[in-house]
Amino acid sequence: MIDLTVATLKSDILRHLTYTLGKDAPNASLYDWRMALSFTMRDRIVEPWFASTRRTWAEDHKRVYYLSMEYLIGRLLEDATINLGLRDLAETAMNDLGQDFRALVEDEPDAALGNGGLGRLAACFMESMATLGCPAYGYGIRYEHGLFRQRFEGGQQVETPEDWLNQPHAWEFPRPEAAYTIGFKGTVESRDGRDMWLPGETVLASAHDTPVVGWQGKWANTLRLWGAMPTTQFDLERFNRGDYAAAAEPEALARTLSRVLYPDDTTYQGKELRLKQEFFLTSAALQDILRRYKAGHSDLRALPEHVAIQMNDTHPSIAGPELIRLLSDVHGMPFEDALDTARACLGYTNHTLLPEALERWATYTFGNVLPRHMQIIERIDSWHRRTNPNTPHYVGIVKHHEVRMGELAFIMSHKVNGVSALHSDLVKQNLFPELHLLHPDRIINETNGVTPRRWLKMCNRPLAGLISQTIGDGWEDDLDRLKGLEPHVTDAGFLSAFGVAKRQNKVALAHWIERDCGVTVDPDALFDVQVKRIHEYKRQLLNILETISRWDAIRKNPTGNWVPRVKIFGGKSAPGYAVAKEIIHLINDVASVVNADPLTGDLLKIVYPANYNVSMAERLVPAADLSEQISTAGKEASGTGNMKFMMNGAPTIGTLDGANVEILQEVGAENFFLFGLTAAEVVVRRQDAEHSRKAIEASQKLQDVMQMLAEGRFSPDQRDRYHGLVHRMWHSDYFLVASDFDAYVAAQAEADAAYANRNHWLKMAALNTARSGFFSSDRTIRGYMRDIWSVESALQP
Ligand SMILES: *Cc1c(COP(=O)(O)O)cnc(C)c1O
């Protein structure tokens, strides 16, 4: 642990304030202080960072390269101070300097270079790899504009650009010397018997490095994000002629590549710019990997002994053909050797079964943007077909004039993994059944996890304190130790302390809700939280329909023995996803009516704070009593939100989907509110074309809700606003909201009854925390290291 006094820390902070920021303390703004503290912390990370790099070189250690189009990082200041063991010291130092630590932490922009779970997983993995001493680089794109900001106007989502880079980013080091040329389009020519790609367009990928420090500062890795720059010089002649716009054109065009994150995580659009972004990230990463490899080795055939490359979903799956191209076209390796070498390096993580999310590119677009890669893909395809003769239903990469990125990633990887046990089974059975038959050992499972440093230690100080008091320190990087809490759940003193910690978080959240949403909520009510991207399969609709039904039931019997509830929603819809946007509108409409109803009062409140992001999750998760994980079974690959809630002592109300299955297994059925159709039952139910009409007709409660919506009870300004929604509920309802409605209402009633018995509830909540050890991303990363990457920790003696 770093030996540092408050006095040294203060003098370091003042030195940065003065000499790095050029500010005199009396004139310094919150921004100046925050940057000064951040630089002071960053200085402490540089030491272990250099030491890690030196050690990796000295031991010629195998390196892991994680390729991801998204990193949902969030803020880094408090996370860094905690991993350095300087959290309390930093707070004291800032207090001494007359600054509020919390305000400084919250001044940092929330880096949202991702859409949701997939990007947050990449961020948790980076932290766990550093904690475990796994030598690794994360590669991504340095988007100027991350995920859009969300506002509500008249209850509807409005998107505004996100501008996290308006201020200098405190944690990164620009590396102008590390730049690679990335080509697009052009032609392929044969020279001296080798095929050579002559790109028609080029841009430069320029590196920006952020050190990622692990728990206790023992190891640090690099997150290397690429920014796009023009390869052509600024056109001074045009500028001097007064043609300013034309002179700036090449720069504008190049920068478009790293300008914006695509804001949709569940549907795929065949946009050329997106394909270019994917190739830009992948090619820059692979060139960087080969440059580093060649600095220490000469035999490219030995690459897989030293390099493991992980593709986070199919977005970087052009890595297969690009690595073959670099090895064969550029370095002269025979094609099949290049293919074997590439495949031995590559692994592919599948994140979705949703057909609309599977990447497929029209061969026309693909061949135009990446003509050489199109040829290589066709060669991979015919090689694979040739090496697997006698397969009656052969599934290739190119089919119906489309390049199918899932099949490409599968064939070019030595391991393919799903992200929860159920999901991995479905990947085998439904997504790649033919390829699985040909390669029965290739698909494996690595259930997702989240880092307990950020998602427990940092975001929930009251509970983290209680845990350390009860079982001692050391659980932070050995989360199975939380099991040690189990004997205490029968101890009244412990349970009451657990309740105090939870209440403290709920009171803090209630204050924030009052400020942010203008709604007063009772901290003793049951806080029922559903936060995640808005999507039909995640079924926020089911939740809001149950809320309407609950409101109706309370109104019919206002003096009944109700358990007061606060329904908390959060999440963004993809800008072009009309049905998801309608659900947002509905939630806000229902909130307006219900929150103004004096008859129901504190018995039911609905809040939907705008702009859900990592920082908001850090507020909401520790204050939740009930975790909503209610996707249509078979649709949620894993979920990671579910794990954060469990760790923080919120039992789940949920379906048998994704990692919920494993949560249920770990925590026990008596501590989980299970309901709904299973994945297999969903398939059967859909075969009945009348399933939704039958389900509504069988449920008086759901009929009443449909009636209220149809009458315009929640849209008095536009009575027919939800006619389309009601019609679709009766006649299509692909996600089986109607079929699961009554079971969900019953499970909610069980939750009410359980909450009414305070000691019973606290015990359930505490057991959720105690049994959450499995969901640490350290366990996940250990699995990847062992089963996919064949890499050892560099921290081991
Ligand atoms: C954890 C997290 C997610 C993923 O949530 P799911 O419930 O698993 O979909 C999405 N967004 C943010 C900001 C998160 O922190």
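Order of appearance sets the numbers: ligands from 1, and atoms from 1 within every ligand. Atom set for the values below is all heavy atoms of this structure, side chains included, hydrogens, waters and symmetry mates excluded. Since this is a predicted model, take the numbers as computed values, not measurements.
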Ignoring hydrogens and angles, state whether a donor on the side chain of Lys572 or Asn613 is under 3.5 Å from an acceptor on the partner side chain.
no
Students should be able to answer this: which protein heavy-atom is nearest to atom 11 (N) of ligand 1, and at what distance?
Tyr612 CE2, 3.6 Å
I need the atoms of ligand 1 closer than 4.0 Å to a non-hydrogen atom of Asn613, numbered in the order shown.
13 (C)
Numbered atoms and elements of ligand 1 in range of Gly639, under 4.0 angstrom, heavy atoms:
8 (O)
Between Arg454 (side chain only) and Cys124 (backbone N and O only), is there a donor and an acceptor less than 3.5 Å apart?
no
Sole candidate of Asp740, Thr632, Asp657 that passes side-chain contact (heavy atoms from CB on, under 4.5 Å) when paired with Val682
Thr632
If you scan protein heavy atoms around atom 5 (O) of ligand 1, the nearest is Gly641 N, 3.7 Å
When you measure from atom 9 (O) of ligand 1 to each heavy atom in Gln629, Arg120, Lys538, which option holds the nearest one?
Lys538
Can an N or O of Arg533 be found at a distance shorter than 3.5 Å from an N or O of ligand 1?
no
Which atoms of ligand 1 have any heavy atom of Lys644 under 4.0 Å away?
1 (C), 2 (C), 3 (C), 14 (C), 15 (O)
Taking only heavy atoms of Gly117 into account, list the atoms of ligand 1 that are under 4.0 Å away from them.
3 (C), 4 (C), 10 (C)
Close-contact set for ligand 1 against Trp455 heavy atoms, below 4.0 Å:
15 (O)
Looking at atom 7 (O) of ligand 1, what's its closest protein heavy atom, distance included?
Lys532 NZ, 2.7 Å
Return a yes/no value for Asn115: is any of its N or O atoms, backbone included, closer than 3.5 angstrom to an N or O of ligand 1?
no
Between Asp110 and Arg75, does at least one N-O distance fall below 4.0 Å, as a salt bridge requires?
no
Testing Glu70, Met69, Arg120 one by one against Asn115 for a side-chain contact (heavy atoms from CB on, under 4.5 Å), which residue passes?
Glu70
If we number the atoms of ligand 1 from 1 as shown, the ones under 4.0 Å from a heavy atom of Thr640 are 1 (C), 4 (C), 8 (O)
Of Asn350, Asn448, Thr780, Leu118, the residue whose pairing with Val419 passes side-chain contact (heavy atoms from CB on, under 4.5 Å)
Asn448
Take every heavy atom of Met616, measure it against each atom of ligand 1, and state whether any distance is under 4.0 Å.
no
Kindly determine whether Glu359 and His315 satisfy side chain to side chain contact (heavy atoms under 4.5 Å, CB included), including the steps that lead there.
CA-CA 8 Å; Glu359 287 190 300; His315 316 146; 3.6 Å; yes
Please answer whether the main-chain N or O of Val260 pairs with a side-chain N or O of Gln277 as donor and acceptor at a distance below 3.5 Å.
yes
Phe645 near ligand 1 by a heavy-atom separation under 4.0 Å:
no
Cation over ring, Arg779 on Phe774, under 6.0 Å and within 45°?
yes
Tell me whether Ser128 contacts the main-chain N or O of Asp778 through its side chain, where contact means a donor paired with an acceptor under 3.5 Å.
yes
Which option, Gly116, Ser638, Gly119, owns the non-hydrogen atom nearest atom 10 (C) of ligand 1?
Gly116
